[in-house]
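Read through the structure below, which is laid out as structure tokens, and then see the notes.
Note that this is a predicted model, so its numbers are computed, not measured. In what follows, chains are A, B, ... by sequence order, proteins preceding strands, each numbered from 1.
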Amino acid sequence: MLQQTQVLRVEPRWHEFLAQFPTLHSIASAEVSQVEEAWEGLGYYARARNLHRTARLVTRDGADAAATLPSKAEVLRTLPGIGRYTAGAVASFAYGQRTPLVDTNVARVLQRVFLPKARRKVAATENALWELAERSLPLKSGAVWTHNQALMEIGALVCTARVMRCGQCPLRVVCGTASRVVLSPVSDAVAAPRRQR
DNA sequence: AACTCGGGGTT
DNA sequence: AACCCAGAGTT
């Protein structure tokens, strides 16, 4: 549901959906039309159809077997509706795998920190961001959940698309964009109160 | 690499 | 009126 849809829009619908479809089995045993109906108003209805297909794929073998998603990103990636980002999200958040993820938030943060000159939307830039996400992962897999979550949170709350709150960003000291922005006279006014003592 | 899929809030 | 959003699949 969160693919290209804001958390605020998704959250209430997600609770409703889970009440109706608490398990992968319940989705798999339903008709596609029922899942699409539960999706009404969210848009991007291919997501609902892909979810239904994935539910049927992972519940295929063993009607009573516990339906579980694969734990490795490269395997998750093969399921319908699960692309590079969602595979990384499930693998690192649900299974604690040492795997990078790049969503719109992480892409923006990494680009502003490491590639201040690069142009977004370019394929080469996109690949470079995934490479950066991979190389900046903590070495211990136990720290990856927090690392990935933190990058996303910084993008969602601090380093937002239209407003960069560099004054409260923990990456300020290493950021290729913040150093220029903070030093500019206009943006500096925001950080000015901190300078008073 | 470019297009398409959505709806709703924010700027 | 544009932009933006925890992207993915198809052409």
Seminar exercise, completed: When rounded to whole Å, the CZ to P distance for the pair A:Arg120 and C:dC3 reads 11 Å

Problem set entry | Contact residues, residues 103-114 of chain A to DNA chain B [heavy atom, < 4.0 Å] | none

For this session: For A:Glu153 and for A:Arg53, find the nucleotide of DNA chain C with the closest heavy atom, then tell me which residue's nucleotide is more 5'.
Result: A:Glu153

Seminar exercise, completed: Rounded to the nearest 0.5 angstrom, the CD-NE2 distance for A:Glu36 and A:His52 is 9.5 Å

For this session: Tell me, yes or no, whether the heavy-atom count around A:Gln149 atom CD, taken from other residues, nucleotides or ligands under 6.0 Å, exceeds 12.
Result: yes

For this session: Report yes or no: does A:Arg172 contribute a side-chain atom to a donor-acceptor pair with the main-chain N or O of A:Cys169 at less than 3.5 Å?
Result: yes

For this session: Look up atom CD in A:Glu11 and atom OG1 in A:Thr5, then write down how far apart they are to the nearest 0.5 Å.
Result: 14.0 Å

For this session: Give a yes or no on whether a salt bridge exists between A:Arg77 and A:Glu74, defined as a side-chain N under 4.0 angstrom from a carboxylate O.
Result: no

Problem set entry | Spacing of OG1 belonging to A:Thr146 relative to CG belonging to A:Leu151, to within rounding of 0.5 Å | 11.0 Å

Seminar exercise, completed: A:Lys121 NZ to B:dC3 C1', in whole Å, measures 10 Å

Problem set entry | Residues from residues 125-136 of chain A lying under 4.0 Å of DNA chain C - heavy atoms | none

For this session: Nearest whole angstrom, please: distance from the P of C:dA8 to the CZ of A:Arg84.
Result: 10 Å

Exercise. So what does A:Gln149 hit on the nucleic acid, given a heavy-atom distance under 4.0 Å: a base, only sugar-phosphate, or nothing?
Worked result: base

Problem set entry | A:Asn105 vs A:Arg108, side chain to side chain donor-acceptor pair (under 3.5 Å): CA-CA, chis, key distance, verdict | CA-CA 5 Å; A:Asn105 291 306; A:Arg108 185 173 54 250; 2.8 Å; yes

For this session: Using the P atom as the reference point in each nucleotide, state the distance between B:dG6 and C:dT11 in Å, no decimals.
Result: 15 Å

For this session: Please state how far atom CG in A:Leu51 lies from atom P in C:dA8, giving the value in whole angstrom units.
Result: 14 Å

For this session: Would you mind classifying the nucleic acid contact of A:Ala123 as base, sugar-phosphate or nothing, using non-hydrogen atoms under 4.0 angstrom?
Result: sugar-phosphate

Problem set entry | Value rounded to 0.5 Å, distance of CZ in A:Arg53 from CG in A:Leu79 | 10.0 Å

Exercise. Counting only N and O atoms by type, is there a donor-acceptor contact under 3.5 Å from the side chain of A:Gln111 to the main-chain atoms of A:Thr125?
Worked result: no

Seminar exercise, completed: Rounded to the nearest 0.5 angstrom, the CZ-CZ distance for A:Arg120 and A:Arg112 is 7.0 Å

Find every protein N or O atom lying less than 3.5 Å from an N or O atom of nucleotides 4-8 of chain B, and list the pairs.
unit_1, atom_1, unit_2, atom_2, d
B:dC5, N3, A:Tyr44, OH, 3.2
B:dG6, OP1, A:Tyr44, N, 3.3
B:dG6, OP1, A:Tyr45, N, 2.8
B:dG6, O4', A:Tyr44, N, 3.3
B:dG6, N7, A:Tyr44, OH, 3.2
B:dG6, O6, A:Gln4, O, 3.4
B:dG6, O6, A:Tyr44, OH, 3.0
B:dG6, N1, A:Gln4, O, 2.7
B:dG6, N2, A:Thr5, OG1, 2.7
B:dG6, N2, A:Leu42, O, 3.1

For this session: Classify the nucleic acid contact of A:Leu151 as base, sugar-phosphate or nothing, counting any heavy atom under 4.0 Å across all strands shown.
Result: nothing

For this session: Please measure how far the P atom in B:dC3 lies from the corresponding atom in C:dC3, and state the result in whole Å.
Result: 15 Å

Exercise. Quick one: CZ on A:Arg49 to CH2 on A:Trp39, what's the gap to the nearest 0.5 Å?
Worked result: 11.0 Å

